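Notes to accompany the following structure.
On a predicted model such as this, the values are computed, not experimentally measured, just so you know.
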Amino acid sequence: MYINAIAHYVPSEDVANEYFERNGLTDEWIFQRTGIRNRKKASQEENTNTMAYQAIDQALEILPYPINEVDLIIGATYSPFDTVGTLSHYIQQKYQIDDAVALTVSSACSSFVNAVEIVEGYFATNKATKALIIASEHNTAYSNDLDPISGHLWGDGASVLFLSKERIGEDDAKILEVYTRGHGNIGKGPKGVCLRPRNGGIVMPHGKDVFINAIHYMTKATFTVLERHNLSPQDIKYLIPHQANARIINNVLRNLDLPPEKGVMNIENLGNTGCASTPIALSQIYDQLESNDYSVITVFGGGYSSGAVLIRKC
């Protein structure tokens with residue numbers, strides 16, 4: 001399957017580390033432990049759906065076919081605007097995409113990679129030929145700024161990928177491998193990161209457990225997709241990890257024996273944008289990819305879950 005178009009959107013409002021001094025946290029303390037200086041916050045007029053629309057509108061400027069040719073819409077989010085009328089259905093309505101399969105998935109920060117794997121399945125069974133994946137997170141709608149443990153981590157943003165079963169354009173990138181696993185039975189599992197909308201919002205009570213398992217499973221997922229294609233980490237141009245914590249990313253890079261410049265990081269200015277973080281990062285560096293360049297997306301989500309995607313620019 002092939003990436004035909006990619007785009008992203010982040011809100012304009014910045015929330016700097018100084019905002020969290022009221023929690024007894026300094027700019028330097030936050031940066032040393034997370035790699036975050038600023039995070040993006042959606043305005044009162046924005047939400048998970050509107051950010052998705054912004055990303056899609058940008059992608060439509062380069063999409064090589066009309067959006068109504070899409071026959072599969074998958075939303076990826078754990079911070080929805082509406083849990084009944086889901087992200088994918090709002091998109092179907094907004095863009096009048098007739099007779100398409102529409103569903104929304106959540107496996108926390110792994111949701112985007114799981115969405116890619118679902119597209120792979122629909123393409124393999126000939127139930128779809130063109131797909132739209134939209135990853136959008138409105139973390140600040142659910143987070144508590146006064147939480148000194150994790151209130152300073154979260155940012156908002158969205159990214160969209162249009163995928164086709166067959167190659168369409170010269171600038172396409174091919175998705176060679178998708179790998180996902182659930183790890184609900186490992187460590188703190190579903191208690192590691194929680195989002196209970198009417199009972200405290202999004203919290204991370206077991207950050208150390210998340211940290212240790214994220215490093216292990218993001219490394220493992222990367223090796224898995226590479227080994228299936230007889231590749232080594234040194235063969236890739238970029239590693240695009242979930243943007244949860246700069247120290248996690250740097251540990252994964254060391255485990256893979258990769259130099260820092262091969263790791264794509266946007267967490268310093270965007271914060272943790274959840275499952276949207278890796279497609280946003282891919283969108284940011286997509287124009288830098290040249291023919292036959294390999295890249296790997298690797299993720300770890302609360303719950304727990306992990307996954308990786310191997311991509312080669314055509």
Quick one: pull up [atom1] in [X] and [atom2] in [Y] and give me the separation to the nearest 0.5 Å.
| X | Y | atom1 | atom2 | value |
| --- | --- | --- | --- | --- |
| Met1 | Glu120 | CE | CD | 4.5 Å |
| Tyr78 | Thr104 | OH | OG1 | 15.0 Å |
| Ile133 | Ile73 | CD1 | CD1 | 12.0 Å |
| Ile280 | Ile285 | CD1 | CD1 | 13.0 Å |

| said: For Arg39, run the side-chain hydrogen bond (donor to acceptor under 3.5 Å, both in side chains) check against Asn17, Asp14, Thr273, Asn269 and tell me which one passes. | reply: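 Looking at Asn17, Asp14, Thr273, Asn269, the match for Arg39 under the side-chain hydrogen bond (donor to acceptor under 3.5 Å, both in side chains) is Asn17.
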
| field | For Arg254, all residues meeting salt bridge (Lys or Arg N to Asp or Glu O under 4.0 Å), sequence neighbours excluded | value |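 Listed in chain order: nothing, the list is empty.
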
| query | Does Asp293 have any salt bridge (Lys or Arg N to Asp or Glu O under 4.0 Å) partners at least two apart in sequence or in another chain, and if so, which? | reply |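 Asp293 satisfies salt bridge (Lys or Arg N to Asp or Glu O under 4.0 Å) with Lys237 once adjacent residues are dropped.
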
| query | Under 4.0 Å between a Lys/Arg side-chain N and an Asp/Glu carboxylate O for Arg22 and Asp145? | reply |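 Yes.
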
| field | Pair Arg37 + Glu18, salt bridge at N-O below 4.0 Å | value |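 Result for this pair is no, no salt bridge flagged.
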
| said: Pair Tyr9, Asp57 - check side chain to side chain donor-acceptor pair (under 3.5 Å), show working. | reply: CA-CA 10 Å; Tyr9 170 78; Asp57 286 346; over 6 Å; no

| query | Considering the options Ile249, Thr278, Asn272, which one meets the side-chain contact (heavy atoms from CB on, under 4.5 Å) requirement together with Gln243? | reply |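 In the set Ile249, Thr278, Asn272, the residue that makes a side-chain contact (heavy atoms from CB on, under 4.5 Å) with Gln243 is Ile249.
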
| Any cation-pi pair here, Lys313 with Tyr286, using under 6.0 Å and within 45°? |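 So Lys313 does make the cation-pi contact.
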
| message | Tell me every residue that passes side chain to side chain contact (heavy atoms under 4.5 Å, CB included) with Asn68, counting only those two or more places apart in sequence or in another chain. | response |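 Pro66.
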
